[in-house]
Structure formats: structure tokens, C-alpha cells
Number of protein chains: 2
Amino acid sequence: MNKKSYDPSKYEHPSVTVDTVIFTVQDNDLKILLVKRKYWPYKDRWAIPGGFVKMKESLEDAAKRELYEETLVNDVYLEQLHAFGDPRRDPRTRVITIAYYALIKSEDLRIQADSDTKDVRWFSVKKLPKLAFDHDKIVSYALEKLRNRVVYSDTAFQFLPALFTLTELQNIHELVLDRELDKRNFRRKILMLGVVEETEEIRHEGRHRPARLYRFVTSADRV
Amino acid sequence: MNKKSYDPSKYEHPSVTVDTVIFTVQDNDLKILLVKRKYWPYKDRWAIPGGFVKMKESLEDAAKRELYEETLVNDVYLEQLHAFGDPRRDPRTRVITIAYYALIKSEDLRIQADSDTKDVRWFSVKKLPKLAFDHDKIVSYALEKLRNRVVYSDTAFQFLPALFTLTELQNIHELVLDRELDKRNFRRKILMLGVVEETEEIRHEGRHRPARLYRFVTSADRV
DNA sequence: TCAAAAGTGTTGTGTGTACACCCATGT
DNA sequence: ACATGGGTGTACACACAACACTTTTGA
């Protein structure tokens, strides 16, 4: 059987889902959104949100749709991670999933997915429960990719508002990389890279020296 | 509709294929294997080989099976690239493809896919014909990934026999990266990395100084 | 003896890292 | 005046890039 002589109605097809690891930074912690399963299989286990790809939507559109349904956030950074297709990863039937990861700003969050009694909740990546299906593996993949991307890219800014202090930016990096960075080296590097731009604004906060606010400079702005 | 209450027989499913960009190095050129399509759509256009994923095989197994059917080579380096799922990428029906790329040694090749009259042929990546579907995009992705991987990894060795000269190894790097490298810097770096090991063997070839043969050292060997 | 590829070191430049103190503010 | 986070510079180690000549062989 090959593509050249194929009648799509003739064969059984696998189901195709998208599953998304949704990251945010909240309370100085890197968190992902999990959903508690209500039915077999893996009833009562936590899982990353996902759903079926509709016949007329692209994979990315499917991921965006699910993301919106789950978080009510529209403006997200979304990137494809990997396709997981082990024939036995879902005991019900053959399900191939295209995994994505998304970064959302906690300021954009309108849902209160933080109560112990709800079936949707943010979990610190350091304290994850046992997950359904092969979702552990998907989350590990996502974390690894996020760590590889956060340096030298616009990734970290996805977690921050338009104006931010360099300390805030450094915090994001430290949370994602899970290690401390040297303040002077971090600032020098970020400024050398030219990905941020000083603004005139200054934020007063607490009884200490106020902080200069910076703006993210996209490669388009730099020209 | 979500995964929790899903009857797989109830909905229409997309078709799922795997398509593989198969690289080899031949005649001092980086080449990929293309197949000429016999039927609509894109009749007579060249395409990367691929086929449907069977219900009980993993994505990687499907890629390996197709690869074997096409090249008769079993021992290949295979890596997942990206899933392409635009709803209109195939005019017949919804087809989601998981793209892989494979590296094979030209010495392993038993097919003679090199005649102009055959419908399977190796093409230099520098002189590719117009491709069917979105295969241009898939090939670009594959090339980019290959370039990113070739430095600091075991990628280049996949194109070489067990014993090779450092000049051969450098040639692979140059072909993949499409630029010349400095001989001294290349040799120093490779030797420093500890990924190759000198052997006692020496290859005489042509009327010039013979070359020392090296062996690839896997991370397992290094311990 | 010559053509042809193998093999070999040094130096400058840039990048990553380690490290400690003063500054501006609110209370 | 003091507690708190904001902000700054220097020195060393290491990786990368540029660069040219000698060695060994077969014909």
C-alpha cells in the first residue's frame, strides 16, 4: 500500500490529537497546567490538556483552539515539540499525538486554575504528580526544549509584560534553567545581545532603589 | 468533544503518513532519495518517500519499514523532524505526515537508484527538482536540522564506514555545512572532543602520503 | 624529482565565568 | 540610619579563527 493508490475510506485510521504543555511563571515558580481525568483510562490522574484534531483545522490551529478553551488566552507563543505515536500509548485505541508547548503570561490568565478542588490546576514543574498516558515523557521533552531555547532567543519575554526589569528577566531565566545566574554577567550578556532596550520608565517598588524598565526588541525592530 | 468521552468509530479521522528525507553522501556530494510520482496529484513530480502508518506499528517502525522497502537498508540512523498537518497539503484528503530524516552509508546501498530512466533517484541537495506537496518545506527543515546536528554529535559518522580518515570526516562536514573548514582547526577540535580514536591501520591510496585511519568512539565506549 | 594529499603549532580575538562593592530609595 | 534590591568592572580561562610549511608516498 502506498500513497499513490489510496482510497481514504478503505482503511482504518489512527486518531490524531494535539496535547500541549502550557507553561507560565507564577509566584516565582515555573508551572504547567494539568487537567484531572474524569474517566477511564487513567481516571483521576492528571494529564496535559489536549484534544482531537478536526478534519479542517491545522495542527497549530487545533492546539490554539484547545489552549483557548482551557485557558481563555488567545495570544500565546506556541511551538511544536514532537509526535508521539507508540501504538499502545492509549489503551482505548490507536492515538497519535502531536505535542506542543505554549508559553503564556500569568498577567493574561483569566482562569483561576489554582484551587485544590478544581479539576484544572497549575503545578510547579518541580512538584508534578504522576501523569496519565506517556505525558511524563512529553513534559520532559517540553522542559528540555524550553531550557535549550531560553538562552539566545525571545522565549523568556513570553512570560513577561511589555515592560520589565532586568531582575525580572533574570528570574525567568533562573526558573527555567533551574540554577542561579550571576547578575553582572547576565546583564552584560543581555545588553550585548541587543534584545532589550532601555526605556525612560522607572518602577518604584518597596523601600529600595527603583528599577529601570526595559522593553523587548524584536529582530524586526533592529533591522 | 474531548478525549474523555470519545468513541473512535464515531468521527472521521485524518490519514497519517510518515515521510522520510533520506540523506547519503555519494561522489563527494550530499544527496537525498526522491521517488517519481505516477499518479495524480503531482503526477510525474518528485517526492520524498513515505507511506501510511499501520494501526499497530509505531511511527518510527513505519519509517523504518518504508525506508527498507525503498532502499533495502536496515541499519539506519533515523530521527523525527516535525509533523506537517496543513489541512490542504494533500488535495485528496486530510493527510497529516510525521516527517523523519535518515542517514545511510553509501556503502550499504544495494539499490541502483541513479539512472535517469528510473522512478527512484538520488539528487544532490544543491540541484533539487520541484517537489510534490509541501516536500520542499520538509527537505529544508531536514537540511537545517542536519546542519545543526553535524557539529558536536555522532551524525557525520553515520555516513562513513567503521574506519575512516580525518580528511574523509572533514569532507562530510564540509558537504553538510556547505562551506570549507580549516584542516588544522578541524583536526584539533575533533581530537579534543574525543569522539574518534586512532587505529593502527593506514590506508595507502594514490601517489601521496598514506592516511591514518580512525574509529568512531561512542559515548558508551568512553564511559 | 615531482605531484598530491597527509600531517602539524602559534597567535590574536572573543566569550563565559568568577567575584564584591556602592547606589537610591522608603520607612 | 538601616534594610532592601538596583546597579556596576576587572581578570582569568577557554574556545574559535586565521594562517603556511614539512612529510611521505607512488609514479
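Below, read A as the first sequence line, B as the second, and so on, with proteins coming before strands; counting in each chain starts at 1.
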C:dG9 P sits how many Å from B:L191 CG, rounded? 12 Å
For the side chain of B:N185, starting at C-beta, report the closest nucleotide among C:dA18, C:dT8, D:dC19. D:dC19
According to salt bridge (Lys or Arg N to Asp or Glu O under 4.0 Å), who are the partners of A:E197, at least two apart in sequence or on a separate chain? A:R215
With nearest nucleotide decided by heavy atoms, which residue, B:E168 or B:R207, maps closer to the 5′ end of DNA chain C? B:R207
Rounded to the nearest Å, what distance is computed from the CD atom of residue B:E198 to the P atom of nucleotide C:dA6? 15 Å
B:E57 bridged to B:R65 by N-O distance under 4.0 Å: yes
Counting heavy atoms from C-beta on, name the nucleotide in C:dG9, D:dT8, D:dT25 closest to the side chain of B:H204. D:dT25
Atom CG of B:L213 and atom C1' of C:dA5: how far apart are they, to the nearest Å? 14 Å
Quick one: pull up CZ in B:R37 and CG in B:D44 and give me the separation to the nearest 0.5 Å. 10.0 Å
Closest of D:dA27, D:dG7, D:dT8 to the A:A211 side chain is D:dG7
Distance col, row A:K31:NZ vs A:K127:NZ, nearest 0.5 angstrom, shows 8.5 Å
Could you label the plane-to-plane angle of the A:H82 and A:Y141 rings as parallel, tilted or perpendicular, counting under 30° as parallel and over 60° as perpendicular? tilted
Proximal nucleotide (of D:dT8, C:dA24, C:dT8) relative to the B:K183 side chain: C:dT8
Min side-chain heavy-atom separation A:L30-A:L143 under 4.5 Å: yes
Atom pair distance, as rounded to whole Å: CG in B:L181 and P in D:dC16: 13 Å
Would you say A:R187 reaches D:dG7's phosphate, i.e. side-chain N/O to OP1/OP2 under 4.0 Å? yes
Going by atom types only, do A:E70 and A:Y68 share a side-chain donor-acceptor pair under 3.5 Å? no
How many Å lie between CD on A:E205 and C1' on D:dA3, as a whole number? 16 Å
Can a donor-acceptor pair under 3.5 Å be found between the side-chain atoms of B:R209 and the base atoms of D:dT23? yes
The side chain of B:R212 is closest to which nucleotide in this list: C:dG7, D:dT4, D:dG9? C:dG7
Round to a whole Å and report the spacing from CZ of B:R203 to C1' of D:dT25. 16 Å
Using a distance-only test with no angle check, is there a side-chain donor-acceptor pair under 3.5 angstrom linking A:S124 and A:D29? yes
Rounded interatomic separation in angstrom, taking CD1 from A:I190 and P from D:dG7: 14 Å
What are the atom names and distances for every N/O pair under 3.5 Å that joins the protein to nucleotides 13-16 of chain C?
{"unit_1": "C:dG16", "atom_1": "OP1", "unit_2": "A:Y152", "atom_2": "OH", "d": "2.5"}

Which residues in residues 159-167 of chain A have at least one heavy atom lying under 4.0 Å from any atom of DNA chain C? none
Hey, are A:K126 and A:D178 close enough for a salt bridge, meaning a charged N less than 4.0 Å from a carboxylate O? yes
Interatomic distance, B:F186 CZ vs C:dA6 P [rounded to whole Å]: 12 Å
Ignoring hydrogens and geometry beyond distance, is a side-chain donor-acceptor pair present between A:D19 and A:T97 at under 3.5 Å? yes
Of the listed D:dT4, D:dT25, D:dG7, the closest approach to the A:H208 side chain comes from D:dT4
